[in-house]
Amino acid sequence: VPCVKFATHNTFALAYFLFLTVGLCGPPWHGSEWLYRISLAEPDVIPLWEIFAWGWNILRLAEEMQQLIATKDKADYFGDIYNSADNLNYSAILCAAAIRILVAYDCGWPAGLLDGSSAAQAPPLCRGAAAFGLLGFDFGTRETLLRLSQFLYALSLLLLSLRLINMLKIHRGVGVLVIMLGQMLPQILMWVALTLCVTVGFALFFTVVMPGHVSLGEPIGWPAYATFWALLGEFDLDSVTTYAPAHTSEPSSTVVPFFLWTYCFVSTVVLVNLLIAQMSAIYDKVKEQSTEVCASTQSASQPVSQPASQP
């Protein structure tokens with residue numbers, strides 16, 4: 001029975017993930033029409049697939065509530081990361097649904113709810129930058145709300161994808177890797193704390209010595225952010241030569257390249273290799289233990305057959 005329940009639950013979870021993915025992103029290798037046309041959902045039309053996804057989500061939430069009620073130790077339920085991901089996912093979909101219905105009503109919904117006729121016969125209150133809807137929303141407010149629902153849908157897809165890890169844990173090799181990742185996480189957090197001290201320090205240094213990069217450069221490439229990109233091997237040297245040019249009398253033309261090389265060496269060579277060595281050591285240390293834990297977990301989840309009674 002536990003195996004059948006596990007398989008059924010994860011099969012429906014995978015089906016829901018694929019259904020929501022096709023509805024939001026379109027067929028494989030193609031973007032959904034609203035993504036590349038206006039980058040927003042139609043404010044006054046709610047497609048049938050979206051309503052169906054909301055209903056499916058409510059049914060999945062009801063199943064989750066039954067599981068919560070049936071669990072005696074509530075601390076174990078809320079301490080499970082997969083249960084937390086499920087609850088966050090359900091909440092994201094419900095919030096997105098509430099926003100979509102609110103915006104649609106502001107635009108004259110439910111007229112043309114399923115056939116999209118309101119898009120062809122758009123009421124004045126729903127079109128134009130200065131148009132106000134039934135609830136007093138202007139174009140900017142509707143756009144903000146729709147982008148918020150878009151973010152919630154994207155978050156839901158991300159959580160559903162990560163939730164599939166639990167399905168793969170039925171394979172012993174994947175289960176061992178998941179257990180190892182859990183053992184590595186505290187050490188990784190310690191490494192992040194150490195790395196932040198170095199990265200933030202150099203970020204402040206480059207911000208002060210290259211103020212032109214802050215006032216004229218793109219925000220994503222500001223010195224405060226560039227040091228974090230450098231941890232992944234991405235550092236824009238052209239911007240450095242632009243705001244700290246060589247062969248000049250300015251001190252920054254000599255100081256900046258030296259400190260930039262120092263930081264790149266420390267971050268990409270020392271710190272990154274330290275993380276790799278740390279993770280390798282933990283992997284070797286917990287490999288045997290993780291295998292035993294995974295085996296005991298799998299055996300505990302299997303139904304125990306009762307011996308036949310003797311005549």
Side-chain angles (χ1 to χ4, degrees), residues 1-21 24 53-98 148-149 151-193 275 278-279 282-305:
V1 176
C3 294
V4 175
K5 182 179 180 181
F6 177 85
T8 303
H9 177 80
N10 285 282
T11 299
F12 278 100
L14 178 60
Y16 179 77
F17 170 65
L18 295 177
F19 177 81
L20 193 61
T21 300
L24 291 172
W54 297 344
W56 197 343
N57 181 75
I58 293 175
L59 293 178
R60 298 178 71 237
L61 177 60
E63 180 189 7
E64 192 71 25
M65 292 300 99
Q66 290 180 353
Q67 179 184 349
L68 174 60
I69 295 174
T71 303
K72 296 181 179 180
D73 191 350
K74 301 300 189 275
D76 289 343
Y77 174 86
F78 290 105
D80 191 318
I81 187 173
Y82 296 107
N83 291 334
S84 300
D86 285 340
N87 291 324
L88 181 58
N89 173 43
Y90 302 144
S91 301
I93 294 294
L94 291 178
C95 290
L148 177 58
S149 66
F151 166 77
L152 292 173
Y153 276 137
L155 178 62
S156 176
L157 289 179
L158 175 60
L159 293 173
L160 286 171
S161 181
L162 296 177
R163 186 64 171 83
L164 297 179
I165 296 177
N166 190 49
M167 181 189 306
L168 299 177
K169 285 172 61 178
I170 193 172
H171 188 277
R172 182 175 180 179
V174 178
V176 171
L177 293 179
V178 173
I179 294 174
M180 288 182 176
L181 182 60
Q183 296 288 336
M184 293 178 182
L185 186 59
Q187 300 298 324
I188 293 176
L189 294 178
M190 294 177 61
W191 177 88
V192 170
L275 176 63
Q278 186 181 39
M279 294 176 67
I282 298 175
Y283 179 89
D284 295 334
K285 180 179 179 180
V286 303
K287 182 178 182 179
E288 182 178 355
Q289 178 184 0
S290 298
T291 304
E292 296 174 354
V293 173
C294 181
S296 62
T297 302
Q298 289 184 345
S299 62
S301 62
Q302 297 297 328
V304 180
S305 60

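Scope of the values below: all heavy atoms of this structure, side chains included, with no hydrogens, waters or symmetry mates. In this chain, numbering begins with 1 at the start of the sequence shown.
- Contact record, F78 with S84: O-OG, 3.5 Å, taken as the closest heavy-atom pair.
- By the 30° and 60° cut-offs, the orientation of the rings of F19 relative to W56 is tilted.
- With S161 contributing its side chain and L157 its backbone, the two residues share no donor-acceptor pair below 3.5 Å.
- Rounding to the nearest 0.5 Å gives a distance of 8.5 Å between CG of L14 and CG of N10.
- The structure places CG of D80 at 9.0 Å from CG of D76, a figure rounded to the nearest 0.5 Å.
- Atom CD1 of I188 and atom CG of L275 lie 6.0 Å apart (nearest 0.5 Å).
- Of all the heavy atoms in L152 and C95, the pair that sits closest is CD1-CB, 3.6 Å.
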May I have the list of side-chain donor-acceptor pairs in residues 63-72 shorter than 3.5 Å, sequence neighbours left out?
| unit_1 | atom_1 | unit_2 | atom_2 | d |
| --- | --- | --- | --- | --- |
| E63 | OE2 | H9 | ND1 | 3.2 |
| E64 | OE2 | Y77 | OH | 2.8 |
| T71 | OG1 | Q67 | O | 2.7 |

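- Between M184 and M279, the closest heavy-atom pair is CE-O, 3.4 Å.
- One finds the OH atom of Y82 at 15.0 Å from the CG atom of N87 (value rounded to the nearest 0.5 Å).
- One finds the CD1 atom of I165 at 8.5 Å from the CD1 atom of I81 (value rounded to the nearest 0.5 Å).
- Without hydrogens or angle criteria, N89 side chain to A85 main chain gives no donor-acceptor distance under 3.5 Å.
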**Request:** Check the pair I93, L20 against side-chain contact (heavy atoms from CB on, under 4.5 Å), reporting the backbone distance first and the verdict last.
**Result:** CA-CA 10 Å; I93 294 294; L20 193 61; 3.9 Å; yes

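- Separating the CZ atom in F17 from the OG1 atom in T21 is a distance of 4.0 Å, to the nearest 0.5 Å.
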